[in-house]
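What follows is a short report on a single structure.
Quick note on labels: first sequence line is chain A, next is B, and so on, each numbered from 1. Side chains included, hydrogens not; waters and symmetry mates left out as well; all remaining heavy atoms used. Fair warning: this is a prediction, and the values are worked out from it, not measured in the lab.
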Protein chains: 2
Amino acid sequence: MFVSTATNGIDAKGRVSVPASFRSNVSGGPFDGIYVWPSFDGPWLEGGGQALMDDYLEMIEAMDPYDEARQALEQSIFGEARTLSFDANGRITLPKDLAGHAGLDGKATFVGLGRRFEIWNPDSHARRATSARTFAKENKLKLRRPSRMTEMGQ
Amino acid sequence: MFVSTATNGIDAKGRVSVPASFRSNVSGGPFDGIYVWPSFDGPWLEGGGQALMDDYLEMIEAMDPYDEARQALEQSIFGEARTLSFDANGRITLPKDLAGHAGLDGKATFVGLGRRFEIWNPDSHARRATSARTFAKENKLKLRRPSRMTEMGQ
DNA sequence: TTGTTTCCCATCAAATCCCATGTTATCCCA
DNA sequence: TGGGATAACATGGGATTTGATGGGAAACAA
């Protein structure tokens, strides 16, 4: 599970270290890396491992093949996603267009969100974290257990 | 899984490089190439590897033999598809009629969509990507978890 | 022949690999 | 518990490989 927040530097080649705990979270499969795409909600990046993409594929394929929403989601997730594999030191190279979408310049903040994570400009993220905390406080009563227990692996 | 978008040039001989990640995605089988056919939805091409064609065959064979829809799909997919094999550098030669259907002229945009991919005129695709992003944002709630529980993490 | 397709080789940029280094966190033992 | 030893992590730069592309020669077809 992706948890915690870490800010790492982006070097002149566009390389950035992925937090070690994120890396160990996606290790094991044949693809040693992550999937990253621009959020269609705002100026940040969405990311996850193979398992997340498999889930999205399953959810999208459950939709009607010629549903316009399905085609838009296919395009905006799979069409925009990049496979970024780790180098020997656990870094990825962020393509310029992705860095541009998120306004990344020299530093990137990785935010673990359970089954997926986000990559933010550190300043933007600080502002968002503040407002999210307020919003969480106002909505804390919405946090409740599902009526029937469901299993969640580790 | 086919992901990401890449635009490559079409040379005077009609050759175009298939993105390396697409190639590795279809490698392994006896047929070293891809299947491509004109979309019956609009001016672009549909494509995939052997696995995709096997899936379509399975789905179509599950239909009644004289179902009109079955015959239309057989004709529009298998009847129109071409097998385009890679040359030593990973290029295919696009037949003129396929290039014509998609309005390809000098450049081709490959769009990974999970199990399959599409080939677009770069300008047409840019317009579609923009509208798809808006539409995806408005319809993201249609992405539902499958009813059966899945585990978190990788 | 004439035009077309397939194969082969050359080139250039970009992505990847490899090695070195500083810094922090963890371990281990007295 | 203190403190040195060790390992893990993040970072920088050079060397090497891969990927995309262009053009020519050989095989094939009309």
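For dT21(D), one of the phosphate oxygens OP1 or OP2 lies less than 4.0 angstrom from a side-chain nitrogen or oxygen of N8(B). An OP1 or OP2 oxygen of dG23(D) is reached within less than 4.0 angstrom by no side-chain nitrogen or oxygen of R91(B).
If you check dC17(C), dG22(D), dG24(D) against the side chain of R15(A), the one that comes closest is dC17(C). The listed nucleotides are dG12(D), dT11(D), dG14(D); the one nearest the side chain of S17(A) is dT11(D). Looking at the side chain of N89(A), the nearest of the listed nucleotides dG12(D), dC17(C), dA20(D) is dG12(D).
With F117(A) as the partner, the ring pair (Phe, Tyr, Trp, His ring centres under 6.0 Å) test is satisfied by one option alone out of W44(A), F2(A), Y35(A): F2(A).
In this structure, V18(A) and V16(B) both approach DNA chain D, and ranking their closest nucleotides by distance from the 5' end singles out V18(A).
The distance from atom CG of L94(B) to atom P of dT4(C) is 17 Å, rounded to the nearest whole Å. For the pair D11(A) CG and dG22(C) P, the computed distance is 17 Å after rounding to whole Å. In this structure, CZ of F86(B) is placed 14 Å from C1' of dG19(D), rounded to the nearest angstrom. Following rounding to the nearest Å, I10(B) (CD1) and dA20(D) (P) show an atom-to-atom distance of 15 Å. Nucleotide dG24(D) holds its P atom 9 Å from the NZ atom of K13(B), rounded to whole Å.
Closest non-hydrogen pair, F22(B) versus V111(B), comes out as CZ-C, 4.0 Å. Closest of all the heavy-atom pairs between S76(A) and F40(A) is CB-CD2, 3.7 Å.
Here A88(A) lies out of heavy-atom contact (under 4.0 Å) with every strand. Looking at heavy-atom distances under 4.0 Å, D87(B) makes no contact with the nucleic acid at all.
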Report task. Could you check R115(A) against L52(A) for side chain to side chain contact (heavy atoms under 4.5 Å, CB included), going step by step and ending with a plain yes or no? Result -> CA-CA 7 Å; R115(A) 56 188 314 103; L52(A) 180 71; 4.2 Å; yes
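No more than 12 heavy atoms of other residues, nucleotides or ligands shown are found within 6.0 angstrom of CG on D105(A).
At a cut-off of 3.5 angstrom, the base of dG19(D) holds no donor-acceptor pair with the side chain of R23(B).
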